[in-house]
Amino acid sequence: TVGAVARDAQGRLAAATSTGGRTAKMAGRIGDTPVIGAGTWADETVAVSATGHGESFVRGALAHEISARMRLAGQSLADAAEAVVMQELGALAGTGGIIAVDRNGTIVTPFNCEGMYRAWAVDDAPPQVAIYH
Amino acid sequence: MSFSIAIHGGAGTILRSEIQPEEEARIRAGLAHALEQGRAVLRAGGAALDAVQAAVMALEDDPCFNAGRGAVFNDAGFVELEAAAMDGATRAAGTVTGLRRVRNPVCAAREVMRRTPHVTLGFEAAERFAEACGLPLEDAAYFHTDKRWAALQQELARIAAGGDASQASEQVKHG
């Protein structure tokens, strides 16, 4: 699975995700990527793209959960994303991670497994590329 | 006002011992390239939605990653691709699932958002819609990578030997 989240110079947020799914998945299986609110979400508060055990992200509506925590519980993006990935995803016996950016341009990339291929940049600062914690 | 962008190329059990240095270098280069495709849109004052589409297209074209050209195979031995795009400012969303020939599924998702009253289109009808939108389609060979095919054979053998399909190793599952 691959994905991107962005905040543009006008402060607008967007998310996109694309995947082949899981090796040897049943033909016809639909994962979290195309389920809005599960593997992909964007509103005025946050944009989220997920990767990992799709069925867990669907059952937990986890991309939307991050937005809900921020809007309804007043959590920061860092706290909301950490709770969703490190607690809720694990409680659903899932592994994986998310990338997210909020209306202030803050970026988080938490994951609860060995590694996540990821990269990020703010304005023209040098880009960051990482795989492990 | 400033802009920000982040991308991912998948998560899972990525054992340092299993990734060869040259493979890791290819992956890091692919991530850096995709990030710059999206950042160039933002730097030019473009919309976040166009930036995330540009970045994801670059990742779909890179056989290192489980999407588009580097996609994993299902249990019947073919790819079934899915993608989504969502605009935070309007909450417009488009998603596709079950595609087998569309080169860039994220573009099909964007066309669903742009041209239909729906959020999700799937399978043969979605493929015909993408073709009608003029999006490039490829034959099955375009999506074939030996690495993913080997992972499928390994996983099918494991399941046939009584392994639980839901317990595949992360690396095999997600490529």
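Letters go in sequence order (proteins before strands), and every chain restarts at 1.
- Considering only heavy-atom pairs separated by less than 4.5 Å from chain B, the leading option among A:G115, A:P127, A:A50 is A:G115.
- Environment of CG in B:D139: crowded, with over 12 heavy atoms of neighbouring residues, nucleotides or ligands closer than 6.0 Å.
- The parts of B:L49 that come within reach of chain A are both its backbone and its side chain, each placing non-hydrogen atoms under 4.5 angstrom from that chain.
- In terms of heavy-atom proximity, A:A16 sits nearest to B:V106 at CB-CG2, 3.9 Å.
- In terms of heavy-atom pairs under 4.5 Å with chain A, the best-connected choice from B:V79, B:V119, B:V56, B:N104 is B:V56.
- No path of Ile, Leu, Val, Met, Phe, Trp and Tyr side chains, each step under 4.5 Å between heavy atoms, connects B:L31 with B:V41, placing them in separate hydrophobic clusters.
- By the rule that hydrophobic residues join a cluster once side-chain heavy atoms approach within less than 4.5 Å of another member, A:I99 and A:V35 end up as members of separate clusters.
- For the residue pair B:S4 and A:G105, the shortest heavy atom distance occurs at OG-O, 2.9 Å.
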> Does the side-chain contact (heavy atoms from CB on, under 4.5 Å) test come out yes or no for B:I7 and A:V2, once each step is laid out?
Replying inline: CA-CA 7 Å; B:I7 67 171; A:V2 303; over 6 Å; no
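- Residue contact with chain B, scored on non-hydrogen atoms closer than 4.5 Å, is absent for A:N112.
- In this structure, the portion of B:V96 lying under 4.5 Å from any heavy atom of chain A is its backbone and not its side chain.
- Taking A:I98, A:V129, A:V5, A:T40 one by one and counting their heavy-atom pairs under 4.5 Å with chain B, the maximum is reached by A:V5.
- Across A:T51 and B:A11, no two heavy atoms sit closer than the pair OG1-N, 3.3 Å.
- Between B:E60 and A:S18, the side chains place a donor N or O and an acceptor N or O closer than 3.5 Å (distance only, hydrogens not considered).
- With salt bridges taken as basic N to acidic carboxylate O contacts below 4.0 Å, none links A:R12 and B:D87.
- Chain B forms more heavy-atom pairs under 4.5 Å with one residue of A:T33, A:T17, A:V122 than with any other, namely A:T17.
- A:T109 and B:H8 form no side-chain donor-acceptor contact under 3.5 Å, judged by distance and modelled atom types alone.
- Only the side chain of B:F123 comes within less than 4.5 Å of a heavy atom of chain A; its backbone N, CA, C and O stay farther away.
- Contacts of A:A47 with chain B are absent, with no heavy-atom separation under 4.5 Å from either backbone or side chain.
- For chain A, the nearby part of B:I27 is the side chain; its heavy atoms alone come within less than 4.5 Å.
- A salt bridge does not link B:E155 with A:R22: none of the charged nitrogens is closer than 4.0 Å to a carboxylate oxygen.
- Of the listed residues (A:S67, A:A100, A:S49, A:G97), the greatest number of heavy-atom pairs within a distance under 4.5 Å of chain B belongs to A:S49.
- Interface check for chain A: of the options B:G45, B:A71, B:A84, the most heavy-atom pairs under 4.5 Å are formed by B:A84.
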>> For a side-chain contact (heavy atoms from CB on, under 4.5 Å) check, start with the C-alpha distance between B:M86 and A:I36, then their side-chain angles and the critical distance, and finish with the verdict.
In response: CA-CA 8 Å; B:M86 188 165 187; A:I36 291 297; 3.7 Å; yes
> Stepwise, does the side-chain contact (heavy atoms from CB on, under 4.5 Å) test hold for A:W120 with B:I5?
Replying inline: CA-CA 6 Å; A:W120 63 97; B:I5 184 167; over 6 Å; no
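- Interface remark: B:S2 contributes backbone and side-chain atoms alike to the contact with chain A (heavy atom separation under 4.5 Å).
- Tracing side-chain contacts under 4.5 Å through hydrophobic residues (I, L, V, M, F, W, Y), one reaches A:V84 starting from A:V108; they form part of the same cluster.
- Around atom CE of A:M86, more than 12 heavy atoms belonging to other residues, nucleotides or ligands sit under 6.0 Å away.
- Chain A forms the most heavy-atom pairs under 4.5 Å with one residue out of B:D62, B:T97, B:L156, and that residue is B:T97.
- For A:I131 against B:E24, the heavy-atom pair with the smallest separation is CD1-CG, 3.7 Å.
- Contact annotation for B:R43: only side-chain heavy atoms (C-beta onward) come within less than 4.5 Å of a heavy atom of chain A.
- A donor-acceptor pair is defined here as one N or O able to donate and one able to accept, closer than 3.5 Å; such a pair exists between the side chain of B:E80 and the backbone of A:G28.
- In this structure, chain A has a heavy atom under 4.5 Å from the side chain of B:I19, while its backbone stays farther away.
- When the side chains of ILVMFWY residues are joined at heavy-atom separations under 4.5 Å, either directly or via intervening members, B:F143 and B:L135 end up in two distinct hydrophobic clusters.
- In terms of heavy-atom proximity, A:A121 sits nearest to B:L35 at CB-CD2, 3.9 Å.
- To the nearest 0.5 Å, atoms OG1 (A:T1) and CG (B:N66) are separated by 5.5 Å.
- Note on B:A34, B:G68, B:A67: by heavy-atom pairs under 4.5 Å with chain A, the leading option is B:A67.
- Closest of all the heavy-atom pairs between B:T120 and A:P34 is OG1-O, 3.8 Å.
- A:I30 touches chain B through backbone and side chain together, each having a heavy atom under 4.5 Å away.
- A:R118 contributes no side-chain N or O that, together with a main-chain N or O of B:A6, makes up a donor-acceptor pair within less than 3.5 Å.
- The 12-atom threshold is not exceeded at CD of B:E124, counting heavy atoms of other residues, nucleotides or ligands nearer than 6.0 Å.
- Side-chain heavy atoms closer than 4.5 Å link hydrophobic residues (I, L, V, M, F, W, Y) into clusters, and following such links, even through other members, never connects B:L99 to B:F78.
- Side-chain atoms of A:D123 come within 3.5 Å of backbone N or O of B:F3 as a donor-acceptor pair.
- With a 4.5 Å cut-off on non-hydrogen atoms, A:A125 touches chain B through its backbone but not through its side chain.
- Within the 4.5 angstrom heavy-atom criterion, no atom of A:R103 approaches chain B.
- In this structure, A:T19 OG1 and B:L59 CG are separated by 11.5 Å, a value rounded to the nearest 0.5 Å.
- At distances below 3.5 Å, not a single donor-acceptor pair connects side-chain atoms of A:D43 with backbone N or O atoms of B:A89.
- Using a distance-only test at 3.5 Å, with no hydrogens or angles considered, a donor-acceptor pair links the side chain of B:E82 to the main chain of A:G31.
- Distance alone, capped at 3.5 Å, is enough to place a donor-acceptor pair between the A:D8 side chain and the B:A48 backbone.
- Counting heavy-atom pairs closer than 4.5 Å to chain A, the top-ranked of the candidates B:G94, B:G46, B:G70, B:A109 is B:G46.
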